[in-house]
Number of protein chains: 2
Amino acid sequence: MRELISNIRLQVHQKTFVKDPETSELGKNLIRESILLIDEIGFENFTFKKLGERIKSNESSVYRYFENKHKLLLYLASWYWSYLEYRLVFATNNIEDPCVRLKIAIGIVTEKVLDDTDTAHINEAILSRIIIAEFSKVMHTKEVDQENKEGFFLIYKRLNARIVSIIKEINPNYPFAESLVSTVISGALHQHFLSEHLESLSSIDSGKSVSEFYTHLITNTIQN
Amino acid sequence: MRELISNIRLQVHQKTFVKDPETSELGKNLIRESILLIDEIGFENFTFKKLGERIKSNESSVYRYFENKHKLLLYLASWYWSYLEYRLVFATNNIEDPCVRLKIAIGIVTEKVLDDTDTAHINEAILSRIIIAEFSKVMHTKEVDQENKEGFFLIYKRLNARIVSIIKEINPNYPFAESLVSTVISGALHQHFLSEHLESLSSIDSGKSVSEFYTHLITNTIQN
DNA sequence: ACAAATCGATAGTAACACTATTAATTTTGC
DNA sequence: GCAAAATTAATAGTGTTACTATCGATTTGT
């Protein structure tokens, strides 16, 4: 796993960036520090000026890589879902039983993400904290339909579709597979958020994990 | 229902406003037009200056009612959840069977909201569109813990708790009641959003409703 | 009738979200 | 090895946002 990922460039939608940050040291630096800075101060308080200072460069250099901070967040989200998709495909490869594949898939999209030490400039654990806190803002804009048309959400949709197809293999008659999967994927982010900030809205604690909750939920739902 | 609501002032957290908008014509105007304006241009593009012009007043007058636009959104959200809670309490009153109560409750928090013609200055249908599009932004800020401590989310938490207690009546051994309810309430908003903007992630269409999906989901989940 | 509250209008500030220009440095293509 | 091309850092500038402060004019309460 570790070695594989370090040799494979995860696919991110071209239109999210002006210049590919993977092609230069400054670009990788920018990605690494933007993840740390957004995590520290939150997306609302994050600006390209602050990021420029942080990487000991300046605002105008950041603008050469990304149009604006929304596109940067789109890039980070796109990378994150691509990373999960890769792990899902890898972990379910060659497993015949769709019920086993489903359980593995649920685990990957609902468990807390740990840092994968091989992608040097991206701390996956911190990136997942950003996704938990900020991903909803990627979609909830007035430009969502336009951006959807341009394909910005393809990777996210493909990840959803993969799990939908496993469910349809198990029970082709269950009529809400798409809604169930999108509920689980975005719900899992939300449960991690609630267990940290609004505990009374969540049953998750040291004894009960997000994965257990959703595994139980899906298993019981699709059998009928 | 209609007559009752028009005589009862829904409780909204005091700290969300500087001056209660319900106490003046300008205030009610401000609420009515802010709902329409946020719906039209989105919360990111919404400013107090634009709102001031729209109500033929000005920026500084709006600031006399709300500290900033985040607090205004908090007020609208607080009002919305209070409205749903009221409808839920009213609709489940005097019904003994908890399974029936649960089904009614699920319907109220997952169905599309129609305009209640009695609150003259608030269009509930449009307000619910705003909540679907923007509610996640109310919570996903760096100030969430502070605001939670100050009680800004009490109404939302109380609504969740009401449904949790119905589930615990039906099955006291189900270990994930809080997570299930918060998944359903925020998931329902998300499903409405997806069915409008990212259809492939949702199973909802003219033949299948959000309520049916969640009723099926909850029923099957809590029985085991 | 008088005081207090409310409102509309204007002005001002710091930060944000960019765009444009330029000069220095680095990379590359031959 | 060198000229051309690309990249970068730095500066300046513009319009907008998110406020704060002040000040008369009007309305309201007693």
Side-chain angles (χ1 to χ4, degrees), chain A residues 14-34 37-38 40-76 121 134 137-138 140-143 146-147, chain B residues 14-34 37-38 40-76 121 134 137-138 140-143 146-147:
Chain A
Q14 298 287 317
K15 285 182 189 166
T16 55
F17 51 76
V18 179
K19 177 182 153 80
D20 188 347
E22 294 279 340
T23 61
S24 74
E25 275 312 304
L26 183 69
K28 285 182 209 167
N29 226 314
L30 194 158
I31 294 301
R32 172 174 49 244
E33 296 300 323
S34 66
L37 191 52
I38 292 172
E40 280 171 35
I41 65 178
F43 189 64
E44 271 67 42
N45 303 316
F46 170 85
T47 68
F48 277 5
K49 196 176 180 188
K50 288 175 188 166
L51 178 59
E53 278 161 21
R54 175 119 173 185
I55 60 175
K56 278 165 196 138
S57 174
N58 67 10
E59 219 183 343
S60 55
S61 300
V62 181
Y63 276 103
R64 239 175 277 114
Y65 287 86
F66 293 98
E67 260 181 67
N68 50 51
K69 70 175 183 174
H70 177 253
K71 288 278 168 68
L72 170 56
L73 186 59
L74 205 47
Y75 175 91
L76 295 176
H121 65 298
E134 322 285 5
K137 296 166 194 168
V138 171
H140 289 93
T141 70
K142 275 283 161 186
E143 293 76 37
Q146 180 58 32
E147 292 187 350
Chain B
Q14 298 287 318
K15 286 183 189 166
T16 54
F17 51 75
V18 179
K19 177 183 154 76
D20 188 347
E22 294 279 341
T23 61
S24 75
E25 275 311 305
L26 183 68
K28 286 181 207 167
N29 226 313
L30 196 158
I31 295 300
R32 172 174 48 244
E33 296 300 323
S34 66
L37 190 52
I38 292 172
E40 280 170 36
I41 64 178
F43 189 65
E44 271 67 42
N45 303 316
F46 170 83
T47 69
F48 278 4
K49 195 176 182 190
K50 288 174 188 168
L51 178 59
E53 280 162 20
R54 176 118 173 186
I55 60 175
K56 277 164 196 137
S57 174
N58 68 9
E59 217 183 344
S60 55
S61 300
V62 181
Y63 276 104
R64 247 176 253 120
Y65 287 84
F66 293 98
E67 259 181 66
N68 51 51
K69 69 175 184 173
H70 178 253
K71 288 278 168 68
L72 170 56
L73 187 58
L74 206 47
Y75 176 91
L76 295 176
H121 64 298
E134 322 285 5
K137 296 167 194 169
V138 170
H140 289 93
T141 70
K142 275 283 160 185
E143 294 77 36
Q146 180 59 31
E147 292 186 348

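All chains are named by letter (A, B, ...) in the order of the sequence lines, taking the proteins before the strands, and each is independently numbered beginning at 1.
Distance A/D20 CG to D/dT7 P: 12 Å, rounded to the nearest Å. Atom CG in B/N29 sits roughly 13 Å away from atom C1' in C/dC7 (whole-Å rounding). The CD atom of A/E53 sits 11 Å away from the P atom of C/dA15 (whole-angstrom rounding). Look at CD on A/E44: it is 15 Å from C1' on C/dA17, rounded to the nearest Å. As rounded to whole Å, 17 Å separates atom P of C/dA15 from atom CG of B/N68. One atom, CG of A/L30, and another, P of D/dA9, lie 10 Å apart when rounded to the nearest Å. A/K50 has its NZ atom 15 Å from the P atom of C/dC18, to the nearest Å. Put simply, CZ on A/R64 is 14 Å from P on D/dA6, counting in whole angstrom units.
Between A/S57 and D/dT8, a side-chain N or O to OP1/OP2 separation shorter than 4.0 Å is absent. Put simply, B/K56 has no side-chain N or O that comes within less than 4.0 Å of OP1 or OP2 on C/dG8. A close approach under 4.0 Å does not occur between any side-chain nitrogen or oxygen of B/S61 and OP1 or OP2 of C/dC7. Not one side-chain nitrogen or oxygen of A/Y65 sits closer than 4.0 Å to the OP1 or OP2 atom of D/dT7. Of the side-chain N and O atoms in B/K19, one or more sit less than 4.0 angstrom from OP1 or OP2 of C/dT6.
At the heavy-atom level, A/Y63 lies under 4.0 Å from base atoms of the strands shown. Within 4.0 Å (heavy atoms only), B/E67 reaches sugar-phosphate atoms of the nucleic acid but no base atom.
Annotation for B/K49: atom NZ does not count as buried by contact number, only 12 or fewer foreign heavy atoms lying within 6.0 Å.
The base of C/dA9 is paired with the side chain of B/N58 by a donor and an acceptor separated by under 3.5 Å.
Residues B/E67 and B/V18 approach most closely at N-CG2, 3.7 Å, considering heavy atoms.
In this structure, of C/dC16, D/dC19, C/dC18, it is C/dC18 that holds the atom nearest to the side chain of A/E59. Side-chain atoms of B/L26 lie closest to C/dG8 of the nucleotides C/dG8, D/dC19, D/dA9.
Taking the six-membered ring where the residue is Trp, A/F43 and A/F46 present parallel rings, their angle staying beneath 30° rather than reaching 60°.
Note that CZ of B/R64 is 9.5 Å distant from NZ of B/K19, once rounded to the nearest 0.5 Å.
In this structure, A/S60 and A/K49 both approach DNA chain C, and ranking their closest nucleotides by distance from the 5' end singles out A/K49.
Between the side chains of A/H121 and A/E22, at least one donor N or O sits under 3.5 Å from an acceptor N or O.
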